[in-house]
Amino acid sequence: MSIDRKIVTKNAYRITKIRNKTALRVRVPGGHLEAKYFQIIQEVAEKFGDGTVHLTTRQGFECPGIDFDRIPEINKMIRPLIESLGLDVDYGDGGYPAAGTRNISACIGNRVCPYANDDTTRIANSLEKAVYPHDFHFKIAVTGCPNDCIKAHMQDFGIICLTEPQYESKRCITCEACVDNCKKKVTGALSVKDYNIERDIEKCIGCGECILKCPAGAWTRSEEKYYRMVIMGRTGKKNPRLAMPFIKWATEEEITQIIKNTYGFVERYIDTSLPKEHIGYIVDRMGYQVFKMKVCRKGGLYHARNFFTGRSTGCAH
Amino acid sequence: MSIDRKIVTKNAYRITKIRNKTALRVRVPGGHLEAKYFQIIQEVAEKFGDGTVHLTTRQGFECPGIDFDRIPEINKMIRPLIESLGLDVDYGDGGYPAAGTRNISACIGNRVCPYANDDTTRIANSLEKAVYPHDFHFKIAVTGCPNDCIKAHMQDFGIICLTEPQYESKRCITCEACVDNCKKKVTGALSVKDYNIERDIEKCIGCGECILKCPAGAWTRSEEKYYRMVIMGRTGKKNPRLAMPFIKWATEEEITQIIKNTYGFVERYIDTSLPKEHIGYIVDRMGYQVFKMKVCRKGGLYHARNFFTGRSTGCAH
Amino acid sequence: MGYALTKQQLNEYLKALGRQYLLVGPIREKAKGTFSDTDKIVYGVFEAFEDLVLEEKAFYSPKEFLMPIRETLFHFLDGQIVEPKIDTKPILIFARPCDLNGIRRLDTIFLKNGDIKDSYYERRRNLVKYVMIECTEGFDTCFCVSMGSGTYKDYEAAIRFDGNQTLLDVVDSTLVTEGLSQVIRKDFVPEYIKENKVKVVIPPIDKVNNSIFEHPIWKEYTRRCIACGRCNTSCITCSCFTMQDVEMSDDGLLGERRRVWASCHIKGYTDMAGGHGFRKQNGERMRFKTMHKINDYHKRFGENMCVGCGRCDDVCPEYISFSKCINKLSEIIKEESHE
Amino acid sequence: MGYALTKQQLNEYLKALGRQYLLVGPIREKAKGTFSDTDKIVYGVFEAFEDLVLEEKAFYSPKEFLMPIRETLFHFLDGQIVEPKIDTKPILIFARPCDLNGIRRLDTIFLKNGDIKDSYYERRRNLVKYVMIECTEGFDTCFCVSMGSGTYKDYEAAIRFDGNQTLLDVVDSTLVTEGLSQVIRKDFVPEYIKENKVKVVIPPIDKVNNSIFEHPIWKEYTRRCIACGRCNTSCITCSCFTMQDVEMSDDGLLGERRRVWASCHIKGYTDMAGGHGFRKQNGERMRFKTMHKINDYHKRFGENMCVGCGRCDDVCPEYISFSKCINKLSEIIKEESHE
Amino acid sequence: MNNPYMPRPYTLISTQKETEIDTTFVFEAKDRFIGGQFMQLSIPGVGEAPISISDFDEDSLTMTIRKVGRVTDRLFAMKPGETLHMRGPYGNGFKQEWFRDHDMVVIAGGTGLAPVKNTIDAFVSNPESIKSLQMIVGFKSPKDVLFKQTLNQWQEKVPMIITVDQGDDTWPNEVGLIPSHIKNLDLTNVANKTVIVVGPPMMMKFTTLELLRLGFAEENIWVSFERKMSCGIGKCGHCKIDETYVCLEGPVFNYTKAKTLLD
Amino acid sequence: MNNPYMPRPYTLISTQKETEIDTTFVFEAKDRFIGGQFMQLSIPGVGEAPISISDFDEDSLTMTIRKVGRVTDRLFAMKPGETLHMRGPYGNGFKQEWFRDHDMVVIAGGTGLAPVKNTIDAFVSNPESIKSLQMIVGFKSPKDVLFKQTLNQWQEKVPMIITVDQGDDTWPNEVGLIPSHIKNLDLTNVANKTVIVVGPPMMMKFTTLELLRLGFAEENIWVSFERKMSCGIGKCGHCKIDETYVCLEGPVFNYTKAKTLLD
């Protein structure tokens, strides 16, 4: 058995515990797909694999127990699925590029979830277009609201969809449902003053729960959609950590630009002596300030409002 | 349209953004299933839903766009899948209990992944048997190694499978692959002394990478399998946080007992005036020491070794 | 007087009416729905036919044009108490029979309950005229037929939007604009809905007694109802309100008193100064509302308060159906009567 | 002398041999595999037939019984230098022809390279005898036939495990135990494998010149090889070692010198005191090993070092195939010769 | 606009502290009142509160008020001579004709004494209007006793049980909950006696139960309800119980009606 | 057991500091050596290190050693009279007969002078054994110069270029890398001149290239290789280059062989 491990793993197949057996991994950007493609996964698993499928935490399918030499056949078979997912980046029947930047995952988002502030799958797909194919070890996830079901706080880039609640006092009946809920479930950003609701914009995390709770339509959604980006969260053996706030009330364009700029940053600063240096460690090594300057300057973001101060002090806003 | 929302959502169907449309949620404990059941999911999605499926981050399928009144039909249709997943807790054709305690998720584990120290799906299934059905809001996940792909650090109970590396100096060629790797990727628990490798057991996180890296079989796995449990991690709007270490080098029996004891703890201390108080907030409210005493005393775990000191000082080991 | 208008004529007519009246009807508020990327259908001011949304039921009723959610009763200025003025431009509300019947219930409460008329309601009421939108199909949750509120005769005008043609029956001569003289005259008698998908049976008033208070059905609603009050705020007939006094300057000399909608489901509705309150259980609140809508009001005024618009069903986040509740109650009372 | 043994007789025979010899063969170490819940097949001491694993290839070769991974050369005690004693119980290694041929390569290096014999190797070598396990099928990655190492004649005994019957050819009379007299005599001439799934073509020695050093093929291995050294540690013919001196007491009076396996793939293999080293690129190391196994050694000793056991293929975490490498090289050299 | 919500100014004449938290306020007033009716006390920018009328005459209006919220907080800060606003009176009140020639029992608990004070005064001042009068007045503790002077005056003229739930060393009267004292009343011809019961909800509930147990007739029992009220004129809905608006048909109800008013 | 790994004790007679990091050690020794051979210096519990023999006579063995690791660290701490262990000699060395009657050029860089010192001494002491001798000796800087006294003695008798890569104010000799000085040698009949080149790998590489460029013949160039060695006797594998074991067939190679030894 001879395979080029690096090529194989880059092409969506993994090294498994069992010698000479691989597993097909199909990433599903944003986690949403047409049910008709289930047939293909099933067929791959049953015809080439061990008849089982694992649903990965990054929202992919993994079909284990596959012989390496069946890869070309499988690549042909999964082509319609790959195309439908928009993953086909000039690979033809050669599968599709994987590894490196991980599947951009997303909670179910506002196609289904009442809490979601945006169509997370759409955003995941659009970020996919912006960053793939790429070898750098990045993890990106999009979550529809600060409840963060996708665990954006454990990603290099966690994107949290926000709305900026709009209050119309003349529709408010001061039932305080929004206030109570915000205190209980959110950050306590709301308070009552003279029967009106006051929103502390420093505390408000843009989850939109107040809108959901309002029985009279006093709270509505902002026309613009906003995003909070948290960065450099990670699991891992070395030092798992929660992502830190980076920018709040950003636009989709801005977050996309920051991520794209980060690829440039990595390209410049990555330590190639290491097998695949993870962006988090590069930022640790270079320092947060350098990172921030580099990724924000390009595209004119450096002077953007709404940046968090970050881990060190004295950072320009 | 009249449905009993609480019954419906407890029975694996959710309230969606679209009025009168629900989504079927099938949790897959441990994330691993037989491919043949893909057919059922596909059929549900295409016949009753909108033809799409979302793969959830907790490793379930979600089929949106379903009319509430098709629930009984769907329950009948998914029965074989539910049974095969071991979810059928006396519900017959009535679907299966969901919500409350969330799907016990797991990385792909040692059925496939070379890094995994145990069969995470098996553990997830066995924990499922131990805790389901349960209404309390718990999140449990099992990850095969401290790399924590499943993001155990964002769960109420994150179980990290460990092995205690066994060093046989007479097989060691002092290539230092283990040492270099541990320094680079793990915690730097290994060092060379007199051409032997010394393992700092305080630093060692039991990931087993040294075993994987050793070309001469000097490092092997311990006969016993061990688990590290991290607790009270969470995402969420209020204050997301990384799980804290709770017990290390525990046995499967011990971690199961701790989780079971915690259900007892919640039963006693939950604030029922809130909609569904999350275990993390109960622990915050009662204090870590109380929690630890309560969940460890039962089953004789209180004096167990290997507890972490926890967030406050002066805690008995 | 009947007319058949083309689309263009309709919009010209609306334009002409708009000079005289504030036109109010069901319109779409883009992306202002509770959930992201959803719209909200509400009653609002419109200009052209295209603004109207007829294929979906409005989330809220048109009642806010008669009793605003918040209405200032007085302005206070250093001892002076001043009634605020309101826009006196007449309002023309385009609404279906159910809502028009609902507004009649509001009239009853505000103008006929007790000896004293509510002057704030009255002054707005006097500004309003109604164009009845013909409704023969209803929506999924409507049960106006059961409530006898699918018909309405006291309209100032009635209108049928029928593909490219709009039929108009004008009763109030002030609604006959100059432009209408150019329009084909065509007799139009509006039709009414004959059957809803949802039917309710109202328990006979003489059969309802206090024993129903103890029935476990209300416990079920205690479990299900979350007391959010959407059923009240969306209801065309809910008329409760609470006073709010606000001091607008630090010296307390400037202030206002207003009334805002109240909801018998929402906490605090019965709480007195000192803290004592009644109906702590959500099921008790459900019972209170239910009895009010189909029993108490009827005892007082000879007809049911509920007009079967079904909005409470549409808006309940817990998918509680009021029509189902009525029918369950009927069944219970029927069974108890037989015992 | 040939014998046909039943299973029971075989185990009795092994028991009898075990009194005289340390029996070494391929055995299973339960759950000691690199990956969790996997076993590792290694050469180790066994007692009964059931201990032997014949259906899988051992991860490591039996060479460690001739050259331990770590072998103490001297103990030091306050100026005294002491050779450690070793267990002098003879060892009987049950192994296949490839490995036995491999051990012959070790003999060559340790006993015939240069004028000086390696006494540590020699004293162990003198303790060892071989029972050749007949091997006619091989495993997926074997290419012994191409290497001419599928046959071996210098065994002390040969054995065929054939269902319930075991055939034995005993050459060395010390292996004829008393018990064997009870066993049916049956002539047994071991068969040898005729064809492997994998075939390699060794480039003719006279065609290989230094130009191959510059070929891009090695760059490919620089990209692929991670220099872990598993191909060396698992190889039956890799014999390199490095000295390690250890002071075992703080005063430096107690200590030892040992040699441990070295690997030409692993960092530091060529590093001199002062830091200078050679072959920094992993591809250069692959080249060095490849040339050693199929060219350099051959030039020196007239046969290839590699015996085609295929373990290097089995153990490479990057799935680099040595047989494929040889064949690629052959192709390259063939092409270059034609040019 | 004939605005029923428009409050009118009233001048505070005097105050009389009754307990730590209750004070009696006397306002200049020429309106006509009935005991048991209520006024909407109305402080611009602060709010309105329904307050029972405890006493009145041609020129004045007396209300004994407990300090329990924003509006009463402001009221308690006022000094004689200052003006505040009110609208009302609202409700039916205790109509004297209901009780003419009756054997009267008045049972009042705590602040419940206020709405019935004027009625008792009328009984005491015009003993001829009724057949007989006896009273039970109860408070939580000695320090909660209202109208001490008036009680003393009444006590001189009328059989009267004054009780506190919890006494102290100085307390000269009865101890115990009101219902436990009912049996100590003169219960001759009990079925024809008429009772007025006013007090907190629980006190009214157990008192009426005890009265019925002892043989009082339902139609001879009168109670006064306290409810949240925003308008006082049958619009706001808060005080509605079943088909009944407390502000319109109450707050005083005969027990035959009151017993059907379930919350 | 006839143990080839067994080291033998040698007594340190004297030391001579050459530079900051190089010292010459003289041991009592009766063995027979060839210049260019090496010994395995062996300190029990510390390790072994292959060290070139720089000089010897019937009673002694001299090695000039740089302090670069564990073993040499220990060695540098030793005092005359103390004993250490060695095994060897190993390797072929510069056999005098190879050079008999040749026009000799010796080019040595840095510590590369040590393995060739004995050979030069032999040339200098027995000028009749060869036709001629000229030398280039190079060091990094003046402070790295080894065998200063010896160099002076040689310089008196032999044409000799002493150069440093980087000079200073006091440096009386040449400056520049060794290859740049080769052209300054007497290059008459260059094709028949024989050269010994010893030094660091890069120096050897560029020196031989320059020699060939100037017309020296491959077969007249001799070099000495330095490699990692664990055994010195052809077992451990470290010093192997292609089919050649430096410890057995080297460390001294004729360039015709050396050029084929690619790492």
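For clarity, every value in this text was computed on a predicted model and none was experimentally measured. Lettering follows sequence order; numbering is per chain, from 1.
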Problem set entry | Greatest number of heavy atom pairs closer than 4.5 Å to chain C - which of E:V71, E:V46, E:I233 | E:V46
Exercise. If you count heavy-atom pairs under 4.5 Å with chain C, which of E:I241, E:T72, E:D242 comes out on top?
Worked result: E:D242
Exercise. Can you pull out the residues in residues 13-41 of chain E with any heavy atom less than 4.5 Å from chain C?
Worked result: none
Exercise. Side chain, backbone, both or neither: which part of E:E249 has a heavy atom under 4.5 Å from chain C?
Worked result: side chain
Exercise. Counting only heavy atoms not in C:K280, do more than 12 fall under 6.0 Å of its NZ?
Worked result: yes
Problem set entry | Atom pair SG/CZ of E:C239 and C:F278 - distance to nearest 0.5 Å | 11.0 Å
For this session: Kindly indicate, with the supporting measurements, whether the criterion side chain to side chain contact (heavy atoms under 4.5 Å, CB included) is fulfilled by C:D245 and E:I43.
Result: CA-CA 8 Å; C:D245 273 50; E:I43 302 183; over 6 Å; no
For this session: Assess whether atom NZ of C:K219 is packed by more than 12 heavy atoms of other residues, nucleotides or ligands within 6.0 Å.
Result: no
Exercise. Heavy-atom distance under 4.5 Å between the side chains of E:N2 and C:S119, does that happen here?
Worked result: no
Exercise. Does atom CD of E:E48 have more than 12 heavy-atom neighbours from other groups under 6.0 Å away?
Worked result: yes
Problem set entry | Validation row: C:F288, E:K240 side chains within 4.5 angstrom (heavy atoms) | yes
Problem set entry | Interface residue of largest heavy-atom contact number with chain E, from C:F241, C:F110, C:Y297, under 4.5 Å | C:F241
Problem set entry | Electrostatic pair C:E247-E:R70, nearest N-O below 4.0 angstrom | no
Problem set entry | Contact residues of residues 78-89 of chain E (partner chain C; heavy-atom separation under 4.5 angstrom) | E:H85, E:R87
Exercise. Angle class for the E:H238/C:Y269 ring planes (parallel below 30°, perpendicular above 60°, tilted otherwise)?
Worked result: tilted
Exercise. Can you say whether C:M243 sits under 4.5 Å from chain E via the side chain, the backbone, both, or neither, judging by heavy atoms?
Worked result: both
Exercise. By number, which residues in residues 225-239 of chain C have some heavy atom less than 4.5 Å away from chain E?
Worked result: C:S239
For this session: Keeping the roles fixed (side chain from C:N113, backbone from E:G234), state whether a donor-acceptor pair exists under 3.5 Å.
Result: yes
Problem set entry | Neighbour count above 12 (heavy atom, 6.0 Å) for E:Q166 CD | no
Problem set entry | Proximal component of E:T244, with respect to chain C [non-hydrogen, under 4.5 Å] | backbone
Exercise. What part of C:D118 lies closer than 4.5 angstrom to a heavy atom of chain E: side chain, backbone, both or neither?
Worked result: both
Problem set entry | chain E contact via C:F74 - side chain, backbone, both or neither, heavy atoms under 4.5 Å | side chain
Exercise. How about C:Y120 and E:N3: do any of their side-chain heavy atoms sit closer than 4.5 Å?
Worked result: yes
Exercise. Given that the side chain runs from C-beta out, which part of E:L262 has a heavy atom under 4.5 Å from chain C: side chain, backbone, both or neither?
Worked result: both
Problem set entry | Cation-pi check, C:R257 onto E:Y5 ring (under 6.0 Å, within 45° of axis) | no
For this session: Name all residues meeting the salt bridge (charged side-chain N to carboxylate O under 4.0 Å, His left out) criterion together with E:K228; count only those two or more places apart in sequence or in a different chain, and write none if there are none.
Result: none
For this session: Step by step, work out the side chain to side chain contact (heavy atoms under 4.5 Å, CB included) result for E:K235 and C:Y121.
Result: CA-CA 10 Å; E:K235 315 296 178 217; C:Y121 181 84; over 6 Å; no
For this session: Please look at E:K67 and chain C and tell me whether the side chain, the backbone, both or neither of the residue comes under 4.5 angstrom of a heavy atom of that chain.
Result: neither
Exercise. Is there side-chain contact between C:H276 and E:P201, with heavy atoms separated by less than 4.5 Å?
Worked result: yes
Exercise. What distance separates E:C236 SG from C:I109 CD1, expressed to the nearest 0.5 Å?
Worked result: 10.5 Å
Problem set entry | More than 12 heavy atoms from other groups under 6.0 Å of NZ on C:K299 | yes
Seminar exercise, completed: Greatest number of non-hydrogen atom pairs under 4.5 angstrom with chain C, of E:P200, E:P4, E:G69, falls to E:P4
Exercise. Which atoms of E:P50 come close to chain C, meaning under 4.5 Å heavy atom to heavy atom: side chain ones, backbone ones, both, or neither?
Worked result: neither
For this session: Under 4.5 Å heavy-atom distance to chain C, tell me which part of E:R74 shows up: side chain, backbone, both or neither.
Result: side chain
Exercise. Between E:A49, E:P7, E:C231, which has the largest tally of heavy atom pairs under 4.5 Å with chain C?
Worked result: E:P7
For this session: Could you tell me which portion of C:A262 (side chain, backbone, both or neither) has an atom closer than 4.5 angstrom to a non-hydrogen atom of chain E?
Result: side chain
Exercise. Got more than 12 heavy atoms from elsewhere within 6.0 Å of NZ, C:K117?
Worked result: no
Seminar exercise, completed: So CG of C:D115 and CG of E:L248: to nearest 0.5 Å the spacing works out to 8.0 Å
Exercise. Given a strict heavy-atom distance threshold of 4.5 Å, which part of E:M6 is in contact with chain C: side chain, backbone, both, or neither?
Worked result: both
